[in-house]
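Note that the structure is a prediction, hence the values are computed from the model and not measured. In what follows, every chain begins at residue 1, and chains take the letters A, B, ... in the order their sequences are listed.
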Amino acid sequence: MLRLVGRRLVVAVPGLVGVVVVTFLLNRALPGDPAAFFAGPAATQQAIQEIRVKLGLDRSLPEQFALYVRDLARGDLGRSLTTGQPVVSDLVARLPASLELTLCGLVLGVAIALPLGVLSATRPDSVFDHASRVFTTAGVSLPIFFTGLLLVYVFYYLLGWAPAPLGRLDAFSTPAPRVTGFFLLDAAIARDAATLAATVRQLMLPAVTLGLFTMAPIARMTRAAMLGVLGSDFIRTARASGLAPRTVLVTYALRNAMLPVVTLLGMIFSFLLGANVLVERVFAWPGVGSYALEALIASDYAPVQGFVLTMATLYVLLNLTIDVVYGLLDPRVRIEG
Amino acid sequence: MSRVLRLTMTLLALFGSIATAGPAGAQNRNETLIVVVESGPNSMDIHGVGANRPAYQASWNLYDRLMTYGVKTLPDGSKMYDYNVLKPELAESWTLAPDSTSVTFKLRRDAKFHDGAPVTARDVKWSFDRAVTVGGFPTFQMKAGSLEKPEQFEVIDDATFRVKFLRKDKLTMPDLAVPVPVVFNAELAKKHASASDPWAMEWIKNNDAGSGAYKLESWKPGQETIYVRFDEWTSGPLPKLKRVIVREVPSAGNRRALLERGDADISFDLPPKDFAELARSGKLQVTSHPVENAFAYVGMNAKHPPFNNLKVRQAVAHAVPFEKMFSSALFGRGVLLSGNPIASHTYGHEFFPSPFKTDLAMAKALMAEAGYPNGFETTLSFDQGFATTNEPMAVLLQESLVQIGIKTTINKIPGSNWRNMLLKKEMPLFLNAFGGWLNYPEYFFFWNFHGQNAVFNTSSYQNPEMDKLIDLARFDSDPKKYADDVRGFAKMMLTDVPRVSIYQPPLDVAMQKNVKGYQYWFHRQLDYRQLEKQ
């Protein structure tokens, strides 16, 4: 098991190196001059040139790249111009917000889509099957920011049921002392029910927005996989042996149908981390997506590079996790890495 | 399965009960102000490299200056600062030397920094030395008031501080009350200074070293800033608001929704259309002030063909669809500047009205005179960061120019690259705006039209005659001569038209009806000290 993990990590290294090179070059290709931004309003050409030298922007690309790699090795991702803080501390502060939201959205999506998929598979082409198809397809076909804005408009603006879309906590709550950075966990650790409740309230609309978006692929994939498994020989044998329908469905069929679903979940999770950008903007969610977007608009190289690098690392870890989960679900996969 | 079902039901019930519980810890809403902004500060230090505009607001409220400006009430009952009146802040009084070569400030003896240390003349000296030394924006701004060298600042004793004048400059005193010359807690700052960072730039950027009416409670860059009142503040009447929360909400639609639902108290950052609609609906207070010493304009590059041709520039000036631009981009908010004959101008602080009116026949005739009867092709650039107003204006201008033969391609430039483009001074035709803090025409002209060719002289306009008048006006003390200078250079701008002024932009603010005391400031930031909720 450990060897598998180790080997997978080694294989990921060339990919990460590629990401470092590509983000570096892409950022340099963007228009905009950080020196002009840094120099401030009334700057002269000379002042800007001085700052350019200070930032190392006057050097050749290979030299700049060497400097960048050197800083990277020291764990220094540079400094953001828009927040004025080191990129590392910004990312550390913001990544839990994105992960918490994405995970909640995914869990919500799975909680609804998985039963929908299973039930559809047991009653193919019934009214329920069609209804579930319509419901999930509607969720995925609406653009994610539109769903977000619509939910805010209906549940906050018109009905007043949801709290103000003001990020992770309303203006009058203070977060629990930081342990993990995940507000739900931190509040639970601090046994602070009021903050936990406030966190859940803020999370609901954005998580539903993301959840709606993930339902369709999960439900469809579960249905297809279940149909395949339910038609196979071992299920027929199980049924013939007189096992309870629930045991057949959950213990035998679902577990075997989970493989493609887990693969899909991994893909959806990584996709959601990206799609988060729009949801984060709509809900003023202080995550990494909106951070990278703001930075991109301001030609702020360092945060964008830091963001892409973090995402790449996350994907590597995610794929690794999925491989491990495979092994747990289906011992046959465990043999080769 | 039944166990799973039961667990799910329990979880759902728990979730439901949490979700419907009342808002947690509702503190006294009336003593807390919630401000929603599009983007927040990137520094707490106005002297910091690259400090953005929201950073000015943070600095203005956390720090005190020696003096501040008075307040005047306008005919419509709204309030604004009074640039003619300087009032004590950290200094309780000041005296000009009889020979007008220096000014001596007496500091308040009871003034304290947020850590309890008394404010002394040494702190003032350290802070002013810092402003003129660190370079960049603070140094430029100090220079505008002839405050250039540390030798000008002298500590007489703990409570007495002197500023020696380099030359007789009427902007020196007003420049000491703008946001830049703030007073830092020098002893505290020095503890965090190092050989490579003698001015503690790194520490002050993230921390509060002030004596202002508000203390920094917490700052999460990109998310929110929270201020609490400094109860021992003595440099003015104690503010009413105990706490101010500034939240960053990137979506303009949500900022409006928050205001309308009563979850936010005040915001500057809405598109003109929203302000117009909110003002009409009457649910909120919407206050609007034309920004002083500012206008939005069509700029032309006076150095390169074809716009180095005066007739072409005049033709464009007659082709600008002023009224359409004003009504469709700004929804009629602000002040339209066109159609005022030069003769009717009152020069002085209101020198911007422009004589031009949309007159396509005249514009066509001027194009023919200029030698371009068939027109030409060019690009029209604007800052995409302000696309809400710039985009409709650019399209309207494009439509109008095509009728006099000027075919334009619209070039949207990302906000981050705009300053860079202005610096290059290569854009032939563009939309832009400028506003000066100090409300003096010569100050505006010095930055915008003087031959020194500052970045704001976007047209690369060069006119030695005008330079002479601007320099004279800066230092002329005879009011009659001064008025002549101003009239002279204003007229040159209107006949040479390196740029065509369109409107004076509005500073709009939307707030709940129970928010009182709002006051317009030249720095266009919110001063929490005057606000209260009833």
(request) Scan side-chain atoms only and decide if A:Gln85 and B:Asn206 contain a donor-acceptor pair under the 3.5 Å cut-off. (result) yes
(request) Taking atom CZ of A:Phe182 as the centre, report whether more than 12 heavy atoms of other residues, nucleotides or ligands fall under 6.0 Å from it. (result) yes
(request) Indicate yes or no for a side-chain donor-acceptor contact from B:Arg261 to the backbone of A:Ala164 under 3.5 Å, with no hydrogens or angles considered. (result) no
(message) Using 0.5 Å steps for rounding, measure from the CG atom of A:Leu166 to the CG atom of B:Leu258.
(response) 5.0 Å
(request) Provide the closest heavy-atom pair for B:Ala257 versus A:Tyr157 in the form atom of the first, atom of the second, distance. (result) CB-CD1, 3.9 Å
(request) Please look at A:Val152 and chain B and tell me whether the side chain, the backbone, both or neither of the residue comes under 4.5 angstrom of a heavy atom of that chain. (result) side chain
(request) Measure distances from A:Leu203 to the heavy atoms of chain B and classify the residue's part below 4.5 Å as side chain, backbone, both or neither. (result) neither
(request) Against chain B, label A:Tyr153 side chain, backbone, both or neither, depending on which of its atoms sit under 4.5 Å from a heavy atom there. (result) neither
(message) Below 4.5 Å, heavy-atom pairs only: which of A:Ser290, A:Gly160, A:Pro163, A:Gly167 has the largest tally toward chain B?
(response) A:Gly160
(message) Does B:Tyr443, at its OH atom, have more than 12 non-hydrogen atoms belonging to other residues, nucleotides or ligands within less than 6.0 Å?
(response) yes
(message) Please determine whether a side-chain nitrogen of the Lys or Arg among B:Glu38 and A:Arg281 lies less than 4.0 Å from a carboxylate oxygen of the Asp or Glu.
(response) no
(request) Name the option with the most non-hydrogen atom pairs under 4.5 Å to chain A; the candidates are B:Glu248, B:Glu202, B:Lys220. (result) B:Glu202
(request) Compare all side-chain heavy atoms of A:Pro165 with those of B:Asn254 and state whether any distance is below 4.5 angstrom. (result) yes
(request) Would you give the length of the straight line joining atom OG of B:Ser251 to atom CZ of A:Phe283, rounded to the nearest 0.5 angstrom? (result) 9.5 Å
(request) Let me know if B:Ile245 has heavy atoms under 4.5 Å from chain A in its side chain, its backbone, both or neither. (result) side chain
(message) Can you tell me which of B:Glu260, B:Met421, B:Arg247 forms the most heavy-atom pairs within a distance under 4.5 Å of chain A?
(response) B:Arg247
(request) With the side chain counted from C-beta on, respond yes when A:Arg94 and B:Gln223 share a heavy-atom pair under 4.5 Å apart, and no when they do not. (result) yes
(request) Give a yes or no on this: more than 12 heavy atoms of other residues, nucleotides or ligands lie within 6.0 Å of atom NZ of B:Lys425. (result) yes
